[in-house]
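Just below is one structure, and these are the notes that go with it.
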Amino acid sequence: MSSPPAVRSPMASPRSFLWTRRIFLTLLTGFVLVPVYVMISSSLKPLADVTGRFRWLPSSLTIRPYIDIWSTVPLARYFVNSLIVAGAATVCSVVIAVFSAYAVSRYQFRGKRVFTVTVLSTQMFPGILFLLPLFLLYVNIGNATGIALFGSRGGLILTYLTFSLPFSIWMLIGYFDSVPRDLDEAALVDGCGPLGALFRIVVPAAIPGIVAVAVYAFMTAWGEVLFASVMTNDTTRTLAVGLQGYSTLNDVYWNQIMAASLVVSVPVVAGFLLLQRYLVAGLTAGAVK
């Protein structure tokens, strides 16, 4: 006995919409994966094959570019510089943003509204407007005090803080506002001070938001090119600028550029995959009270 035909729910989406969505998602997936495939395949080709006519299926594969990238340019030194600068900028952004956002979220003080508006307004200006003022400021501080900010990792860390801190503070303010104040009051009744309530109650409840801030600060510092190309020298150069070393006056090592780009992307991709659920929760929960 044949079963009756399935009846579509009146709330179900039209078939035309379903097929349109499938086609769009397929095209979008191809748009994302094709460049990744080109990078991977080019990084496994000899240089002559990369500079010649492009082939979707490589005629020969080699891992030599992944070995040569470490000797063509001092990639290991650039890697260490990027880790130090991005890691320090991330830690400083998280620590300062936690204390600043907690003060704005939990306390009333004169100039609170001006402070929050100023923090938000800094996101309106492009970073290139701050390049020359920061350059002149670092040079003058170095001449006056002997503290070498220009061309040092410390100066680059301070530079990245000027970009990551405003967004970090603004996002954590919204997230801390979503944490009930009754938890703070209960902690104070139990004998905790303001810092105790912050670290024992608010921070554990705001872990997704803090992780989102940390990922944002790290990615901002890891892939920044403009300020790193001006504020660093041969010793303190970061990965984003060091990749230019594979392009010389005589040749461009495209296979090594592709291999180095994939190696550089590993920490960011791995961190994003590991912290993805915290990142999504942190970006969305703070907007809903």
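- The distance between the ring centers of F163 and F227 falls below 6.0 angstrom.
- No side-chain heavy atom of Y37 sits under 4.5 Å from any side-chain heavy atom of L33.
- Environment of CZ in F24: sparse, with no more than 12 heavy atoms of neighbouring residues, nucleotides or ligands closer than 6.0 Å.
- In terms of the ring-ring contact (aromatic ring centres under 6.0 Å, His included) criterion, F176 has no residue partners (sequence neighbours excluded).
- T145 places no side-chain N or O within donor-acceptor distance of the main-chain N or O of G142, the cut-off being under 3.5 Å.
- Here the closest heavy-atom approach between residue R77 and residue T235 is recorded as CD-O, 4.0 Å.
- Defined by atom type and a distance below 3.5 Å, a donor-acceptor pair is present between the side-chain atoms of T236 and N233.
- Using a 4.5 Å heavy-atom cutoff, the side chains of V252 and S247 are in contact.
- If you look at W170 and F115, their ring centroids are not closer than 6.0 Å.
- In summary, the side chains of S93 and S168 do not present any donor paired with an acceptor at a separation below 3.5 Å, with no hydrogens or angles considered.
- In this structure the side chain of E224 never reaches within 4.5 angstrom of the side chain of T238, judged on heavy atoms.
- When every heavy atom of G30 is checked against every heavy atom of P35, the shortest pair comes out as O-CD, 4.3 Å.
- Between the side chain of S178 and the backbone N or O of Y175, at least one donor-acceptor pair lies under 3.5 Å.
- Annotation for A212 and M171: closest pair CB-CE, 3.5 Å, computed over non-hydrogen atoms.
- Side-chain contact check for L44 versus T62: every heavy-atom pair is 4.5 Å or farther apart.
- Defined by atom type and a distance below 3.5 Å, a donor-acceptor pair is present between the side-chain atoms of S105 and D177.
- A 4.5 Å side-chain heavy-atom check between D251 and L47 finds at least one atom pair inside the cut-off.
- In the model, N81 has a side-chain atom that pairs as donor or acceptor with a side-chain atom of R153 under 3.5 Å.
- Donor-acceptor pairing under 3.5 Å is lacking for the side chains of T72 and Y246.
- Using a distance-only test at 3.5 Å, with no hydrogens or angles considered, no donor-acceptor pair links the side chain of W56 to the main chain of V38.
- Pairs passing the salt bridge (Lys or Arg N to Asp or Glu O under 4.0 Å) check and including a residue from residues 34-47, sequence neighbours excluded, do not occur.
- A 4.5 Å side-chain heavy-atom check between L262 and Y66 finds at least one atom pair inside the cut-off.
- Judged by distance alone, the side chain of T116 and the main-chain N or O of R113 form a donor-acceptor pair under 3.5 Å.
- A 4.5 Å side-chain heavy-atom check between R106 and V202 finds at least one atom pair inside the cut-off.
- Contact of the L161 side chain with the S164 side chain is registered, since non-hydrogen atoms from C-beta on lie closer than 4.5 Å.
- When the shell of 6.0 Å around CD1 of I63 is examined, it contains 12 or fewer heavy atoms from other residues, nucleotides or ligands.
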